[in-house]
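No experiment lies behind these values; they were computed from the predicted model shown. The first residue in the sequence is number 1, and the count goes up from there.
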Amino acid sequence: MNKKTLHKRPSWDQYFMQVAHLIATRSTCTRRKVGAVVVKEKRILSTGYNGTPSGVRHCTEVGCLREKMGVPSGQRQEICRGLHGEQNAILQAARFGNSMKDSVLYCTTQPCVTCAKMIINAGVTEVIYEGDYPDKLALKILKEAGIKLTRFKCT
(Lines give C-alpha, C1' and ligand atoms only; values in the text may rest on other atoms or scores of the structure.)
Protein backbone atom coordinates (compact mmCIF):
# COMPACT_ATOMS: atom_id res chain seq x y z
CA MET A 1 0.00 0.00 0.00
CA ASN A 2 1.51 3.31 -1.00
CA LYS A 3 1.02 6.67 0.71
CA LYS A 4 -1.48 7.89 -1.91
CA THR A 5 -3.95 5.15 -1.01
CA LEU A 6 -3.83 5.79 2.74
CA HIS A 7 -6.79 7.57 4.32
CA LYS A 8 -5.96 11.01 5.69
CA ARG A 9 -6.94 11.20 9.35
CA PRO A 10 -8.95 14.24 10.48
CA SER A 11 -7.43 16.61 13.02
CA TRP A 12 -8.86 16.36 16.53
CA ASP A 13 -10.94 19.51 15.95
CA GLN A 14 -12.27 18.12 12.66
CA TYR A 15 -13.06 14.79 14.32
CA PHE A 16 -14.97 16.27 17.25
CA MET A 17 -16.83 18.72 15.02
CA GLN A 18 -17.84 15.82 12.78
CA VAL A 19 -19.16 14.06 15.88
CA ALA A 20 -21.10 17.22 16.81
CA HIS A 21 -22.69 17.24 13.36
CA LEU A 22 -23.65 13.59 13.74
CA ILE A 23 -25.17 14.32 17.17
CA ALA A 24 -27.20 17.18 15.60
CA THR A 25 -29.00 14.67 13.39
CA ARG A 26 -30.92 13.51 16.49
CA SER A 27 -32.38 17.01 17.01
CA THR A 28 -36.17 17.33 17.11
CA CYS A 29 -36.15 21.12 16.69
CA THR A 30 -38.04 22.31 13.64
CA ARG A 31 -35.94 25.48 13.26
CA ARG A 32 -32.29 24.54 13.74
CA LYS A 33 -30.31 21.32 14.22
CA VAL A 34 -27.53 21.76 16.80
CA GLY A 35 -25.07 19.25 18.20
CA ALA A 36 -22.59 19.67 21.05
CA VAL A 37 -19.75 17.49 22.30
CA VAL A 38 -17.85 18.00 25.56
CA VAL A 39 -14.27 16.75 25.39
CA LYS A 40 -11.53 16.42 27.98
CA GLU A 41 -8.05 15.17 27.16
CA LYS A 42 -9.28 14.08 23.70
CA ARG A 43 -12.03 11.90 25.23
CA ILE A 44 -15.77 12.54 24.88
CA LEU A 45 -17.45 13.25 28.23
CA SER A 46 -20.95 13.96 26.98
CA THR A 47 -23.01 14.98 24.00
CA GLY A 48 -26.22 16.90 23.45
CA TYR A 49 -28.57 18.00 20.73
CA ASN A 50 -31.42 20.48 20.82
CA GLY A 51 -34.81 19.08 21.65
CA THR A 52 -37.45 18.75 24.34
CA PRO A 53 -36.81 17.29 27.81
CA SER A 54 -37.26 13.54 28.27
CA GLY A 55 -40.92 12.57 28.35
CA VAL A 56 -42.12 15.77 26.66
CA ARG A 57 -43.57 15.61 23.15
CA HIS A 58 -41.18 16.77 20.47
CA CYS A 59 -41.59 19.97 18.48
CA THR A 60 -41.72 17.80 15.37
CA GLU A 61 -44.98 16.40 16.82
CA VAL A 62 -46.65 19.51 18.28
CA GLY A 63 -45.07 22.33 16.30
CA CYS A 64 -43.01 25.31 17.32
CA LEU A 65 -44.70 28.07 19.30
CA ARG A 66 -41.94 30.55 18.45
CA GLU A 67 -42.41 29.79 14.74
CA LYS A 68 -46.19 30.22 15.04
CA MET A 69 -45.67 33.58 16.79
CA GLY A 70 -43.09 34.74 14.24
CA VAL A 71 -40.35 35.11 16.86
CA PRO A 72 -36.93 35.65 15.24
CA SER A 73 -33.99 33.35 15.96
CA GLY A 74 -32.21 34.22 19.20
CA GLN A 75 -35.25 35.84 20.85
CA ARG A 76 -37.86 34.75 23.39
CA GLN A 77 -36.11 31.48 24.19
CA GLU A 78 -38.17 31.14 27.37
CA ILE A 79 -41.21 30.10 25.33
CA CYS A 80 -39.37 27.32 23.54
CA ARG A 81 -40.25 23.74 24.55
CA GLY A 82 -36.72 22.54 23.93
CA LEU A 83 -33.26 22.76 25.36
CA HIS A 84 -30.19 23.74 23.38
CA GLY A 85 -27.55 21.17 22.46
CA GLU A 86 -25.02 22.74 24.84
CA GLN A 87 -27.54 22.63 27.70
CA ASN A 88 -28.27 18.95 27.07
CA ALA A 89 -24.53 18.14 26.94
CA ILE A 90 -23.98 19.90 30.27
CA LEU A 91 -27.00 18.17 31.83
CA GLN A 92 -25.89 14.75 30.57
CA ALA A 93 -22.42 15.26 32.07
CA ALA A 94 -24.04 16.17 35.40
CA ARG A 95 -26.50 13.28 35.25
CA PHE A 96 -23.72 10.74 34.82
CA GLY A 97 -21.22 12.37 37.19
CA ASN A 98 -18.70 13.70 34.66
CA SER A 99 -16.98 16.91 35.70
CA MET A 100 -16.60 19.37 32.85
CA LYS A 101 -13.83 21.31 34.60
CA ASP A 102 -11.08 22.16 32.09
CA SER A 103 -13.00 20.71 29.14
CA VAL A 104 -13.59 21.87 25.58
CA LEU A 105 -17.08 22.21 24.12
CA TYR A 106 -17.52 21.68 20.38
CA CYS A 107 -20.76 23.02 18.96
CA THR A 108 -22.21 23.24 15.48
CA THR A 109 -23.58 26.73 16.29
CA GLN A 110 -22.33 29.61 18.44
CA PRO A 111 -23.79 29.38 21.96
CA CYS A 112 -26.53 31.75 23.10
CA VAL A 113 -26.18 33.84 26.27
CA THR A 114 -28.00 31.28 28.44
CA CYS A 115 -25.73 28.49 27.22
CA ALA A 116 -22.70 30.77 27.62
CA LYS A 117 -23.49 31.31 31.31
CA MET A 118 -23.90 27.56 31.83
CA ILE A 119 -20.66 26.85 29.95
CA ILE A 120 -18.76 29.29 32.16
CA ASN A 121 -20.08 27.82 35.41
CA ALA A 122 -19.58 24.23 34.22
CA GLY A 123 -15.82 24.89 34.01
CA VAL A 124 -15.37 24.72 30.24
CA THR A 125 -12.16 26.48 29.19
CA GLU A 126 -12.66 26.59 25.41
CA VAL A 127 -15.60 26.69 23.01
CA ILE A 128 -15.06 25.67 19.40
CA TYR A 129 -18.11 26.54 17.33
CA GLU A 130 -18.98 26.58 13.66
CA GLY A 131 -22.19 28.40 12.72
CA ASP A 132 -23.47 31.86 13.59
CA TYR A 133 -26.14 32.69 16.16
CA PRO A 134 -27.56 36.20 16.63
CA ASP A 135 -26.29 36.78 20.18
CA LYS A 136 -23.33 39.13 20.58
CA LEU A 137 -23.76 39.25 24.38
CA ALA A 138 -22.92 35.54 24.57
CA LEU A 139 -19.56 36.11 22.89
CA LYS A 140 -18.88 39.12 25.08
CA ILE A 141 -19.44 37.31 28.38
CA LEU A 142 -17.54 34.21 27.27
CA LYS A 143 -14.55 36.43 26.45
CA GLU A 144 -14.96 38.35 29.72
CA ALA A 145 -14.90 35.06 31.64
CA GLY A 146 -11.66 34.07 29.92
CA ILE A 147 -13.16 31.29 27.83
CA LYS A 148 -11.11 30.72 24.69
CA LEU A 149 -13.36 31.07 21.62
CA THR A 150 -12.41 29.44 18.36
CA ARG A 151 -14.45 29.72 15.20
CA PHE A 152 -14.11 26.37 13.43
CA LYS A 153 -13.46 26.62 9.72
CA CYS A 154 -14.19 23.63 7.51
CA THR A 155 -11.10 22.45 5.70
Side-chain angles (χ1 to χ4, degrees), residues 7-61 64 66 73-155:
H7 176 71
K8 184 178 180 279
R9 293 175 74 189
S11 71
W12 285 110
D13 286 346
Q14 290 169 331
Y15 171 74
F16 291 124
M17 193 58 76
Q18 287 173 3
V19 172
H21 278 281
L22 179 62
I23 298 303
T25 65
R26 292 279 306 154
S27 171
T28 57
C29 179
T30 59
R31 296 182 110 185
R32 183 187 301 259
K33 309 290 184 204
V34 177
V37 179
V38 179
V39 174
K40 189 172 185 177
E41 297 177 12
K42 296 186 176 51
R43 300 293 177 258
I44 295 173
L45 296 179
S46 68
T47 64
Y49 53 86
N50 56 333
T52 59
S54 299
V56 175
R57 289 183 298 153
H58 298 291
C59 300
T60 51
E61 299 172 68
C64 175
R66 293 173 66 236
S73 182
Q75 297 179 20
R76 300 289 319 271
Q77 295 170 13
E78 74 280 4
I79 61 172
C80 179
R81 295 174 61 83
L83 294 160
H84 288 186
E86 305 94 318
Q87 294 167 354
N88 274 322
I90 291 166
L91 292 167
Q92 289 304 310
R95 183 175 184 170
F96 294 102
N98 293 320
S99 170
M100 291 178 56
K101 186 176 184 332
D102 300 324
S103 65
V104 177
L105 187 139
Y106 289 82
C107 193
T108 58
T109 304
Q110 176 212 303
C112 72
V113 70
T114 301
C115 290
K117 292 183 275 188
M118 293 175 71
I119 288 165
I120 292 164
N121 279 359
V124 173
T125 57
E126 181 176 8
V127 173
I128 299 174
Y129 68 95
E130 190 171 32
D132 288 325
Y133 192 76
D135 194 335
K136 292 179 182 173
L137 179 58
L139 296 176
K140 182 178 177 181
I141 68 166
L142 285 166
K143 287 177 185 173
E144 183 179 334
I147 307 297
K148 182 179 177 189
L149 291 169
T150 304
R151 179 75 184 259
F152 180 80
K153 292 182 176 63
C154 298
T155 54

(Q) Against Y49, only a single residue in T25, I23, L83 fulfils side chain to side chain contact (heavy atoms under 4.5 Å, CB included); can you say which? (A) I23
(Q) Please find the pair of heavy atoms, one from T30 and one from C64, that lie closest to each other, and give the distance. (A) OG1-CB, 3.4 Å
Q | Ring geometry between W12 and Y15 (parallel below 30°, tilted from 30 to 60°, perpendicular above 60°) | A | perpendicular
Q.
To check you understand the geometry: which heavy-atom pair defines the closest contact between A138 and A116, and what is its length?
A. O-CB, 4.0 Å
Q.
With heavy-atom distances below 4.5 Å as the criterion, would you say the side chains of V34 and Y129 are in contact?
A. no
Q | Closest non-hydrogen atom pair, E130 against F152 | A | OE2-CD2, 3.8 Å
Q) Roughly how far apart are Q77 CD and C115 SG, rounded to 0.5 Å? A) 7.5 Å
**Q.** Side chains of S103 and V124 in contact at under 4.5 Å (non-hydrogen atoms)
**A.** yes
Q) At their closest point, which heavy atom of G74 faces which heavy atom of R66, and how far apart are they? A) N-NH2, 3.6 Å
Q. Just by modelled atom types, is the I128 backbone N or O under 3.5 Å from a matching donor or acceptor in the R151 side chain?
A. no
Q) So, Q110 side chain and L139 main chain: donor-acceptor pair closer than 3.5 Å or not? A) no
(Q) Does R32, at its CZ atom, have more than 12 non-hydrogen atoms belonging to other residues, nucleotides or ligands within less than 6.0 Å? (A) yes
(Q) Looking at C29, is its backbone amide N or carbonyl O close enough to the side chain of N50 to form a donor-acceptor pair, meaning the two atoms are under 3.5 Å apart? (A) no
Q: Determine whether T108 and K33 make a side-chain contact, defined as any pair of heavy atoms from C-beta on separated by less than 4.5 Å.
A: no
Q: Would you mind reporting whether Y133 and S73 have side-chain heavy atoms less than 4.5 Å apart?
A: yes
Q: Measure across D135 and V113 and return the closest heavy-atom pair with its distance rounded to 0.1 Å.
A: OD2-N, 2.8 Å
Q. Looking only at side chains, do T125 and D102 share a donor and an acceptor under 3.5 Å apart?
A. no
Q. Is there side-chain contact between D13 and Y106, with at least one heavy-atom pair below 4.5 Å?
A. yes
**Q.** Pairwise distance CD1(I141) to CD1(I120) - rounded to 0.5 angstrom
**A.** 4.5 Å
Q | Side-chain heavy-atom pair E86, M118 within 4.5 angstrom cut-off | A | no
Q. For T52, does its backbone N or O pair with a side-chain atom of R57 as donor and acceptor, under 3.5 Å?
A. no
Q.
Measuring from atom CG of N98 to atom CD of Q92, what distance do you get when rounded to the nearest 0.5 angstrom?
A. 10.0 Å
**Q.** Qualifying residue for side chain to side chain contact (heavy atoms under 4.5 Å, CB included) with S46, from V38, I90, N88, V37
**A.** V38
**Q.** Polar contact flag, side-chain donor to acceptor under 3.5 angstrom, T114-Q87
**A.** no
(Q) Checking R76 now: which residues fulfil salt bridge (Lys or Arg N to Asp or Glu O under 4.0 Å) with it, not counting sequence neighbours? (A) E78
Q. So, do V56 and R81 sit near enough that their side-chain heavy atoms are less than 4.5 Å apart?
A. yes
(Q) Restricting to non-hydrogen atoms, name the atom on K148 and the atom on T150 that form the minimum distance, rounded to 0.1 Å. (A) CE-OG1, 3.8 Å
